[in-house]
Amino acid sequence: MSILKVSPKGKFLYKTDKIASDKSISHRCAIFSLLSDRPSKIRNFLNAEDTLCTLHIVESLGASIQKNDNTLIITPPKTFKEPTSALNCGNSGTTMRLLMGFLSSLEGFYILYGDKYLTSRPMKRVVDPLRMIGANIDGRKDGELAPISIRGAKLTSFNYNSPISSAQVKSALILAGLRAKGVSTISEPILSRDHTEKMLKAMGANIRSDECKITLHSMTKPLKPLDIIVPNDPSSGFFFAVAAAITPNSKVILKNMLLNPTRVEGYKVLQRMGAKIEFIEKENSYDSVGDIVIQHAPLKGVVVEENIAWLIDELPALSIAFACAKGKSLVKNAKELRVKESDRISSVVKNLKKLDVQAVEFEDGYEVIGGEFKTATLESYGDHRVAMSFIVAGLRVPITLKDTKCINSSFPNFIELFSNLGNVFYED
Ligand code: S3P
């Protein structure tokens with residue numbers, strides 16, 4: 001069931017409020033509910049493999065979880081439970097890295113493991129700073145690779161300058177800092193997605209952000225519980241944005257989307273390429289939320305070399321827009337793409353070449369020259385975002401895509417929604 005055939009169906013006008021709920025915020029809702037002593041109420045939690053891994057782990061630490069239609073009530077345990085078996089993070093880097101920060105100061109012994117893709121992703125970016133503040137944490141290759149083992153310890157406060165802009169690293173350290181004695185600071189080269197800071201501040205944590213530097217005080221009492229409606233995920237909606245941008249006479253309207261500025265940069269790049277995009281802000285409680293309207297217009301090539309941390313999940317889909325644009329597009333300073341769910345520079349360039357699009361790979365980016373596509377059989381490389389990006393390419397020419405199961409990690413209803421835009425069927 002995991003080989004998919006996709007072919008063009010012509011122009012479309014498509015409006016939906018069914019884009020998957022935000023993955024980053026859903027992970028944080030599950031973990032942050034453990035920082036309160038009262039039940040958190042979470043509506044529209046993302047029901048996908050990655051976030052369910054986080055939720056199961058939160059449950060095995062002793063939280064009780066009640067599901068009622070679209071609402072999740074997470075009641076934190078009075079005392080945390082030491083799980084009797086290893087904790088499965090699946091394909092999810094966010095689950096593993098954020099929990100490394102949280103568990104490092106929690107009394108007990110924990111093992112975090114994941115699938116073959118997660119097990120080959122770098123963990124020292126979190127292990128090293130945690131070790132410096134007293135964490136008892138290890139893994140294969142001196143802590144670079146999962147499985148990761150943790151024995152909870154007393155942590156000290158810290159001043160950490162992260163060499164990379166990564167919300168996972170930042171969030172792991174914030175979670176550690178909240179339970180380390182004293183005042184800690186973390187800075188990063190450019191601001192990465194800032195959901196952790198915003199949500200914890202709303203829960204009453206003493207945390208202040210000033211551009212790329214965060215100052216936080218350790219928790220002196222439990223935080224307030226969450227009461228939140230998770231907005232829809234702009235990174236998931238982006239596949240539909242690119243679909244509209246590359247299909248003549250087409251338009252999509254994405255409802256109830258998260259509009260946080262660190263999360264909509266992909267749409268801004270698409271706008272620079274010529275697509276017509278409108279953001280309609282509706283409300284702002286935990287964060288800015290609203291609708292996004294995307295309409296086709298002829299696209300031109302673009303240089304992308306700034307704010308890469310804000311584009312890390314959108315670049316695979318943007319590459320399809322590059323391939324449909326007039327002229328050359330260039331991505332630079334994007335080495336981080338090599339350590340995502342797959343090596344996204346290599347996955348994207350290999351698939352584009354199979355489509356007969358001219359693409360060249362560099363150490364820290366790639367170049368694409370827009371042109372006609374040739375029908376081809378493509379691979380997901382086990383990466384949900386690569387899979388969905390190349391399904392969008394199927395709106396141009398018929399394609400076959402292998403190994404599409406990974407889509408379930410972030411957007412289980414993707415194919416159902418996409419079938420309104422293109423012809424899709426599974427080959428058995
Ligand atoms: C995420 C941060 C990003 C992103 C991932 C989700 C998060 O990773 O790619 O999909 O929720 O913190 P990095 O922090 O590694 O850049």
Side-chain angles (χ1 to χ4, degrees), residues 20-32 45-46 48-51 53-55 89-102 114 117-118 120-129 144 146 160 162-175 186 188-200 212 214 230-231 233-239 258 260 262-266 286-287 307-318 333-345 347-348 382-389 406-407 409-411:
S21 310
D22 193 74
K23 180 160 80 69
S24 292
I25 294 184
S26 295
H27 280 299
R28 285 161 175 78
C29 284
I31 298 172
F32 297 175
F45 182 86
L46 173 64
E49 282 175 3
D50 275 17
T51 44
C53 279
T54 302
L55 199 60
C89 302
N91 185 248
S92 172
T94 312
T95 307
M96 187 170 278
R97 295 194 179 116
L98 267 59
L99 283 169
M100 283 160 70
F102 177 74
Y117 302 101
L118 183 56
S120 62
R121 292 180 65 189
M123 294 299 147
K124 268 207 142 183
R125 50 184 57 201
V126 180
V127 166
D128 279 347
E144 176 64 332
Y160 184 65
S162 174
I164 42 171
S165 289
S166 156
Q168 294 178 358
V169 172
K170 174 172 68 178
S171 305
L173 285 167
I174 292 176
L175 285 165
I186 307 154
E188 53 183 347
I190 71 153
L191 179 73
S192 61
R193 65 189 68 192
D194 55 359
H195 311 306
T196 296
E197 304 87 295
K198 284 188 165 159
M199 290 171 69
L200 290 176
C212 307
I214 287 161
V230 181
D233 193 319
S235 305
S236 295
F238 195 61
F239 302 105
L258 175 70
N260 176 307
T262 65
R263 299 292 306 282
V264 292
E265 185 72 2
Y286 280 85
D287 212 332
N307 296 338
I308 297 297
W310 298 5
L311 289 166
I312 209 78
D313 291 336
E314 285 70 26
L315 276 162
L318 264 178
N333 306 324
K335 231 166 58 196
E336 269 297 297
L337 281 175
R338 294 206 180 269
V339 292
K340 303 308 290 183
E341 285 82 331
S342 71
D343 173 342
R344 287 184 174 157
I345 297 182
S347 313
V348 160
D383 184 333
H384 54 136
R385 303 213 190 268
V386 171
M388 291 183 272
S389 300
C406 51
I407 292 172
S409 56
S410 64
F411 200 166

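Each ligand, and each atom within it, is numbered from 1 in the order the structure gives.
Residue contacts with ligand 1, taken as heavy atom pairs separated by less than 4.0 Å, do not involve Glu336 at all.
Just one residue in the list His384, Arg193, Lys23 forms a side chain to side chain donor-acceptor pair (under 3.5 Å) with Asp313, and that residue is Arg193.
Among protein heavy atoms, atom 8 (O) of ligand 1 sits closest to Lys340 NZ, 3.0 Å. Ranking the protein heavy atoms by distance from atom 11 (O) of ligand 1 puts Ser24 OG, 2.7 Å first. For atom 10 (O) of ligand 1, the nearest protein heavy atom (residue, atom name, distance) is Asp313 OD2, 2.9 Å. Counting protein heavy atoms only, atom 1 (C) of ligand 1 is closest to Gln168 NE2, 3.6 Å. The closest protein non-hydrogen atom to atom 6 (C) of ligand 1 is Thr94 OG1, 3.5 Å.
Taking every heavy atom of Ala167 and a limit of under 4.0 angstrom, the matching atoms of ligand 1 come to 12 (O), 14 (O). Atoms of ligand 1 found under 4.0 Å from any heavy atom of Ser166 (numbered from 1 in listed order, with element): 13 (P), 14 (O), 15 (O). Short contacts between ligand 1 and Lys23, defined as distances under 4.0 Å to a heavy atom of the residue, involve ligand atoms 10 (O). Atoms of ligand 1 found under 4.0 Å from any heavy atom of Ile312, numbered from 1 in the order shown, are 9 (O).
When only interatomic distances are considered, the shortest N/O to N/O separation between Leu98 and ligand 1 does not fall below 3.5 Å. Not a single N or O atom of Arg385, backbone or side chain, sits closer than 3.5 Å to an N or O atom of ligand 1. Ligand 1 has no N or O atom lying under 3.5 Å from any N or O atom of Ser165, backbone or side chain. Not a single N or O atom of Arg125, backbone or side chain, sits closer than 3.5 Å to an N or O atom of ligand 1.
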Take Asn91 and Glu49, measure what side-chain contact (heavy atoms from CB on, under 4.5 Å) needs, and give me the verdict at the end. CA-CA 8 Å; Asn91 185 248; Glu49 282 175 3; over 6 Å; no
Would you check, one step at a time, whether the test side-chain contact (heavy atoms from CB on, under 4.5 Å) holds for Thr94 with Thr54? CA-CA 9 Å; Thr94 312; Thr54 302; over 6 Å; no
Evaluate the side-chain contact (heavy atoms from CB on, under 4.5 Å) criterion for residues Leu191 and Lys170: first the C-alpha distance (whole Å), next the side-chain angles of each, then the deciding distance (0.1 Å), finally the verdict. CA-CA 10 Å; Leu191 179 73; Lys170 174 172 68 178; 4.0 Å; yes
For the pair Glu336 and Ile308, evaluate side-chain contact (heavy atoms from CB on, under 4.5 Å) and give the outcome as yes or no after the intermediate values. CA-CA 9 Å; Glu336 269 297 297; Ile308 297 297; 5.5 Å; no
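In terms of heavy atoms, Glu314 sits closest to Arg263 at OE2-O, 4.3 Å.
Side-chain contact between Ser389 and Phe239 is present, with heavy atoms from C-beta onward closer than 4.5 Å. Considering only heavy atoms from C-beta on, Met199 stays 4.5 Å or farther from Asp287 through its side chain.
Residue contacts with ligand 1 leave out His195, since none of its heavy atoms falls under 4.0 Å from the ligand.
In summary, the side chains of Ser26 and Ser21 do not present any donor paired with an acceptor at a separation below 3.5 Å, with no hydrogens or angles considered.
The residue among Glu341, Arg193, Arg97 with a heavy atom at the shortest distance from atom 2 (C) of ligand 1 is Arg193. Among Lys170, Arg28, His27, the residue whose heavy atom lies nearest to atom 12 (O) of ligand 1 is Arg28.
Classification of Arg344 and Asp383 as a salt-bridged pair holds, one side-chain N sitting under 4.0 Å from a carboxylate O.
For Phe238, the ring pair (Phe, Tyr, Trp, His ring centres under 6.0 Å) test picks out Tyr267, with sequence neighbours left out.
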